[in-house]
Protein chains: 2
Amino acid sequence: MTAGSLAKSLTIRDVAHRAGVSVSTVSRVINGKKVRPELETSVRQVLSDLNFRPSAVARSMVRGTTQTVGVLVEDISSAYYAELIKGIESVLERTGHHPLFKSSHWSTVLEEEALKVFLDHNVDAIIVVGGFIPETRLRELAARLPLVVAGRGGLSLGVPTLTLDQRGGAERATRHLIELGHREIVHICGRMTQEDAVGRLHGYRDAMHSAGIEVRPEWILPGDFLETSAYRAMLGFVELNLPFTAVFAANDQMALGANLALHRKGLRVPDDVSLVGYDDLPMSAYSLPPLTTIRQPAQQVGEAAAHAAHDLMTGKTPHLPEFELRLVLRESTRPLRR
Amino acid sequence: MTAGSLAKSLTIRDVAHRAGVSVSTVSRVINGKKVRPELETSVRQVLSDLNFRPSAVARSMVRGTTQTVGVLVEDISSAYYAELIKGIESVLERTGHHPLFKSSHWSTVLEEEALKVFLDHNVDAIIVVGGFIPETRLRELAARLPLVVAGRGGLSLGVPTLTLDQRGGAERATRHLIELGHREIVHICGRMTQEDAVGRLHGYRDAMHSAGIEVRPEWILPGDFLETSAYRAMLGFVELNLPFTAVFAANDQMALGANLALHRKGLRVPDDVSLVGYDDLPMSAYSLPPLTTIRQPAQQVGEAAAHAAHDLMTGKTPHLPEFELRLVLRESTRPLRR
DNA sequence: TGCACTCGTGATAACGTTTTCTGCATGACC
DNA sequence: GGTCATGCAGAAAACGTTATCACGAGTGCA
């Protein structure tokens with residue numbers, strides 16, 4: 001052990017030299033191919049003595065595969081994507097792939113940039129969650145490498161897609177309120193540039209329409225999926241003094257914002273106003289009152305996406321399950337008092 | 001454009017050929033080195049015609065640098081780490097580095113595995129957040145490559161560390177309750193294998209001790225940083241029928257769990273029981289009541305960690321700022337009614 | 001005993017870049 | 001007009017692996 005030697009990283013060559021064999025043999029031992037037993041043991045000895053680990057970069061270079069999967073989401077840190085990512089992470093870990101997460105922050109240029117990075121780094125597959133990448137671009141990518149899209153609907157067959165029926169889910173949520181006797185139902189929208197938000201608004205309208213309720217334009221409140229937006233919107237709406245008895249927020253975070261706003265205005269949930277959210281974030285079961293919401297199986301979607309990517313990588317046709325959006329009944333809704 | 005040709009990825013060689021120059025020249029153009037203007041324009045033309053992008057893998061191979069930074073956290077999807085990650089992401093993006101996130105899920109073997117992956121992939125730096133990696137190992141790593149540790153205290157000087165004074169923060173939180181006149185204060189602990197949780201328990205004890213209050217063992221409730229654990233613990237404690245007027249939970253998620261449990265038992269926050277959390281998650285401002293808590297500047301810590309890593313990579317001595325843990329007064333605490 | 005095989009080994013060629021080295025012009029200076 | 005820099009382009013080496021190829025020694029069978 002020469003002191004002061006700056007750790008010039010060791011190579012398979014050093015191992016070969018010390019074990020008195022060729023690099024080929026060392027490579028074979030590392031990769032579990034047949035080698036004469038006595039050679040194998042001596043190589044293994046050196047391997048562990050030197051604590052040698054082959055360079056993944058060099059490996060990728062020659063093998064043409066990197067064991068990495070690019071994962072593109074809007075925002076790693078937002079609660080919903082966090083769930084999804086957890087799912088992706090858990091299955092990719094088992095398949096020996098390394099996820100490379102990128103947030104696009106709702107910017108089309110960042111999206112394209114992230115894709116470029118993935119391609120440059122020669123990822124073995126890409127998982128795209130939501131976003132605004134044009135379908136043509138997605139198709140182009142899918143033709144080039146394994147690509148799975150989650151959380152977007154209406155894509156052509158060329159692209160394996162995992163879809164949730166946002167419109168149906170929102171319809172279910174709104175219908176729940178209607179079934180409880182509510183008719184004056186407010187909807188707080190998500191960021192309308194996102195497909196999900198649009199779908200949920202449609203679902204709300206569907207349910208209202210089916211029930212023969214005319215939706216007043218004032219009932220449609222703009223929001224951006226964050227607590228604050230719903231808080232402000234709700235506050236503003238209450239000040240209009242229009243009658244209303246229920247609120248359907250396009251996600252749980254906004255439902256929470258609305259919940260506080262209602263409280264500030266002296267309205268009790270669910271006694272005065274029923275409130276439904278969307279997503280079923282882990283914390284929604286612990287809000288006051290616990291939130292009735294539509295459960296999006298985000299983690300399962302993540303798992304399925306990763307599985308599908310794995311299928312694609314191994315040449316199998318990807319399994320693309322359907323997911324059910326369930327209404328989770330808790331305590332933020334109640335029958336309209338007559 | 002030959003139809004049906006499977007897209008054998010193009011190389012710098014193809015570009016050189018089509019532009020009628022050598023590969024060296026193409027490389028020079030790509031890297032912005034001096035080249036005869038007319039050659040440069042023709043090469044650039046071909047470059048954009050072919051939409052050529054150099055392989056990051058090959059580049060890493062020869063340059064010995066990958067432009068990636070390994071980031072090891074306990075759990076990507078937990079709310080607190082999400083904040084931190086957001087900070088890391090935002091500055092690394094600006095420096096042109098790509099974060100490689102790994103969750104260790106509180107497992108020492110997964111931690112070590114993640115480190116190996118980082119090393120194998122030849123990351124340019126590593127950021128470790130919390131965790132259980134032995135100090136000797138950290139020192140060893142720090143000697144080998146730029147390493148920044150966040151969220152751990154008491155490390156030797158060899159390792160650049162970003163620390164938050166958890167003990168002090170918890171002392172502040174508890175003192176706040178004491179200043180409001182509370183004396184029978186319950187503490188819901190975090191996962192006690194984690195340094196943070198231990199620090200916060202110490203801080204709680206410090207404050208109680210300074211105020212001359214003897215801590216009853218029953219007041220120390222076990223928890224694991226998740227809502228459910230606190231919910232159950234709180235429920236159980238109330239059933240003991242011991243007098244108490246305030247609760248300090250080791251994080252906001254648990255404060256929320258406790259909040260619901262108190263509600264279930266007919267105790268109002270803050271009228272009957274004052275409640276303080278820790279972290280100041282975005283949603284804590286929207287709970288009912290809005291939560292008084294200790295603000296951990298997670299995002300800023302993330303930013304600082306990334307900056308420090310960048311400093312290290314560029315040979316500068318890392319800037320390791322101190323962070324202040326502020327008490328955020330909201331509505332879950334009030335003076336003890338006499 | 002000889003021939004065709006199999007098996008395991010080492011030498012060597014990839015993989016796609018950047019970097020170093022070499023060589024050829026061109027221009028400057030005495 | 002000859003020598004010496006200088007500038008820039010191409011050739012070749014290098015990065016650390018794996019894959020291909022060639023070879024020699026056994027082995028089985030006729």
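All values derive from a computational prediction rather than experimental measurement. Naming: A, B, ... by sequence-line order, numbering from 1 per chain.
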For this session: Round to the nearest Å and state the distance from A/Asn31 atom CG to D/dT17 atom P.
Result: 11 Å
Problem set entry | Euclidean distance, atom CD of residue A/Glu40 to atom C1' of C/dG8 [Å, nearest integer] | 13 Å
For this session: Check whether the side chains of B/Lys316 and B/His310 place a donor and an acceptor atom closer than 3.5 Å, and report yes or no.
Result: no
Problem set entry | DNA chain C: 5'-proximal contact among B/Arg63 and A/Val23 (nearest heavy atom) | A/Val23
Seminar exercise, completed: A/Asp120 CG to C/dT18 P, in whole Å, measures 12 Å
Problem set entry | Separation of D/dG16 C1' from A/Leu10 CG (nearest whole Å) | 12 Å
Exercise. Within the structure, does a side-chain N or O atom of B/Arg36 lie under 4.0 Å from either OP1 or OP2 of D/dA9?
Worked result: yes
Problem set entry | Selected nucleotide, minimal atom distance to B/Ser27 side chain, candidates C/dT9, D/dT18, C/dT18 | C/dT18
Exercise. Between B/Ser22 and B/Thr25, is any side-chain donor less than 3.5 angstrom from a side-chain acceptor?
Worked result: yes
Exercise. Can you check the A/Asp14 CG to D/dT17 C1' distance for me, whole Å?
Worked result: 13 Å
Exercise. Checking all strands, does A/Ser24 fall into the base, sugar-phosphate, or nothing category for heavy-atom contacts under 4.0 angstrom?
Worked result: base
Exercise. Which part of the nucleic acid, if any, lies within reach of A/Leu39 when heavy atoms closer than 4.0 Å are counted: base, sugar-phosphate only, or nothing?
Worked result: sugar-phosphate
For this session: Hey, could you give me the OH/CD distance between B/Tyr81 and B/Glu74, rounded to the nearest 0.5 Å?
Result: 4.5 Å
Exercise. Can you tell me how far P of D/dG16 sits from CG of B/Leu119, to the nearest Å?
Worked result: 15 Å
Problem set entry | Test salt bridge (charged side-chain N to carboxylate O under 4.0 Å, His left out) applied to B/Asp124 - qualifying residues, sequence neighbours left out | none
Exercise. Can any side-chain N or O of A/Thr68 pair as donor or acceptor with the backbone N or O of A/Pro99 at less than 3.5 Å?
Worked result: no
Problem set entry | N or O in side chain of A/Lys33 less than 4.0 angstrom from D/dA19 OP1/OP2 | yes
Problem set entry | Closest-nucleotide ordering on DNA chain D, the 5'-leading residue of A/Ser55 and A/Arg28 | A/Ser55
Problem set entry | Phosphate OP1/OP2 of C/dT18: any B/Arg59 side-chain N/O under 4.0 Å | yes
Exercise. A/Arg13 has an atom CZ; how far is it from atom C1' of D/dT17, in whole Å?
Worked result: 10 Å
For this session: Kindly say if A/Ser22 contacts the phosphate of C/dG10, meaning a side-chain N or O under 4.0 Å from OP1 or OP2.
Result: yes
Exercise. With sugar-phosphate meaning primed atoms plus P, OP1 and OP2, does B/Val57 contact a base, only sugar-phosphate, or nothing at under 4.0 Å between heavy atoms?
Worked result: nothing
Exercise. Whole-Å distance between D/dC8 P and B/Glu38 CD?
Worked result: 11 Å
Problem set entry | Given DNA chain D, 5'-ward residue of the pair B/Val62 and B/Lys34, judged by closest heavy atom | B/Lys34
